[in-house]
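Below is one structure; the comments refer to it alone.
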Number of protein chains: 2
Amino acid sequence: MRGLSRFLLGFRRTKPRFHEDLDAMNLINTTQSGDTSATSAAYATLREMILSGALPAGEKLKIEHLRKILNTGASPVREALSLLTSDMLVERIDQRGFRAAPANFENFKEILGLRCALEDMALRQSITRATAEWEERVVLAHHRMKRVVNTETFEEAHKTFHMALLSNAASPVLERYCSQLYDLNIRYRNLAAGSVTYKKRDIGAEHDAILNAAIQRQEDAASDALLRHYRETGSYLTKALSNI
Amino acid sequence: MRGLSRFLLGFRRTKPRFHEDLDAMNLINTTQSGDTSATSAAYATLREMILSGALPAGEKLKIEHLRKILNTGASPVREALSLLTSDMLVERIDQRGFRAAPANFENFKEILGLRCALEDMALRQSITRATAEWEERVVLAHHRMKRVVNTETFEEAHKTFHMALLSNAASPVLERYCSQLYDLNIRYRNLAAGSVTYKKRDIGAEHDAILNAAIQRQEDAASDALLRHYRETGSYLTKALSNI
DNA sequence: GTGTCAATAAATATCGATTTTTTTAAGGAT
DNA sequence: ATCCTTAAAAAAATCGATATTTATTGACAC
């Protein structure tokens, strides 16, 4: 279970005394490895499987099948699926079980549009209320993202950076929505995997532009850079997904 | 279980052949009484108890206790609580169980502000895409709301009216968010119950104004009327809630 | 063929008991 | 008194079995 899951589900955190500064920034992975519940483990795995496409969109999620795959009981599986409902990754129909949330082009466009609207709102609020601590949090998250080589960990660092940008909006619900939409978008990116080519696109430069505008507290410039970043990605995916 | 629950949880609907027109408008209560699962029943009851304040904000929700109250098993209760997570009405902490979502003034203000922003967005999109069907849906919902005498059913009709206004935005996720925020706001209204006096306020007229602007497809006027409606309510509640 | 019905199979949902974890209480030691 | 450590109680989480509901199949009529 990774650090970001904690943001989404109610996981506990046992913090060491040292690292207080970084931890207060929510930038330390304070996950304890072995001792989470079977439900949480199932939640994390199923979440990853749906986001990655290992469990295809719209697929019927049979308890017995998942129970075997995850090597756990029916209760944790059911509970994990119920929790995944929050993230709009799983649908539940009474007495007919669960299925992975469907994916289609309409939905993709909706996600993209909403995401732009909500992140714009959140980023502007973050900048309006800017503090030195927030600034440092953003700079640090950006640095870590740049430094990462591994693709796996880059995804995590990338989300952390984007969420750090919004983290000063003082609006937990808005942040929650943005996090949800971020993940749903990632799912579509994974769904389009292979056909997506980020050729002739300097994502690093895009991130730099957002960062610089943000820490210079230029609302409009930061928002422009952010939305350009999303729309750029969106138009790549639009091509790849228009046929789903 | 009431009609609106269907909007939130994945309940099935067995529709009779007749009433097709009204049903297509999603304005018929197509709930079948006896045959929902224990989980769904628990979900509906717990939801109502949290919204009404019967289960106070922040309260520890012990499985055994709820199991007795609801006269059902532990599994349905756990599953219902897991589902209520989606609505931000219940919080879950791994291995420490569930509690009713906390309520505080900060959160209230956030809900109010977000709600204004999102409903404004949704209403404008609805009007932009206006059709005769949508118009009829709104008029009908409005009429039913006006007609209702019982306080109990008024609440339901009131939400139906507001959701009908947004129902043409072609944005299910946005509607979902608006529905969530609506309920969270209702919760604060219930929490402030007693101290709230709607004296010298003509809520009927406010609804009329929204309706008229909407069916005349005047985006700005409708949005103004809607936001005024919410901010009016908001300022009443602000006085009552500033001390929680 | 197409539709309906009953029988069977499969899957969901639920129960009751057990295991694991957390919380509370009690007893010393400093 | 405050801080650990340990024992007991309470609560959460999980398991395995069973009941309930839905989905599938095949026979039969039209």
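Within every chain, numbering begins at 1; the chains are lettered A, B, ... in the order of the sequence lines, protein sequences first and strands thereafter.
Between B:I186 and B:E155, some side-chain heavy-atom pair lies under the 4.5 Å cut-off. Taking 4.5 Å as the limit, some side-chain heavy atom of B:R187 sits within range of a side-chain heavy atom of B:I50. You'll find the side chain of B:R137 reaches within 4.5 Å of the side chain of B:N168, heavy atoms only.
In this structure, the CZ atom of A:R99 is 15 Å from the P atom of D:dT22, given to the nearest Å. Taking atom CZ of A:F98 as the reference point, atom C1' of D:dT22 lies 15 Å away to the nearest angstrom. One atom, CD of A:E79, and another, P of C:dC15, lie 15 Å apart when rounded to the nearest Å. Computed from coordinates, the A:I93 CD1 to D:dT22 C1' distance equals 12 Å when rounded to whole Å. Here D:dA23 presents its C1' atom at 9 Å from CZ of A:R96, a figure rounded to the nearest Å.
Between B:H162 and B:H158, the ring-plane angle classifies as perpendicular under the 30° and 60° cut-offs.
Distance from the side chain of A:S37 is smallest to D:dT14 among D:dT14, D:dT22, C:dT14. Of the candidate nucleotides C:dT14, D:dT14, C:dT22, C:dT14 has the atom lying nearest to any side-chain atom of B:T39.
Open room surrounds CG on A:N71; 12 or fewer heavy atoms of other groups in view lie less than 6.0 Å from it.
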Every protein N/O within reach of nucleotides 7-9 of chain C N/O, cut-off under 3.5 Å:
none

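In this structure, B:R96 does not pair ionically with B:D94, as no charged nitrogen and carboxylate oxygen lie closer than 4.0 Å. B:K109 and B:E106 are joined by a salt bridge, as a carboxylate oxygen and a charged side-chain nitrogen come within less than 4.0 angstrom of each other.
The stretch residues 59-72 of chain A touches DNA chain C through A:K60, A:L61, A:K62, A:I63, each having a heavy atom under 4.0 angstrom from the strand.
Residues satisfying the ring pair (Phe, Tyr, Trp, His ring centres under 6.0 Å) criterion with B:Y177, sequence neighbours excluded, are A:Y177.
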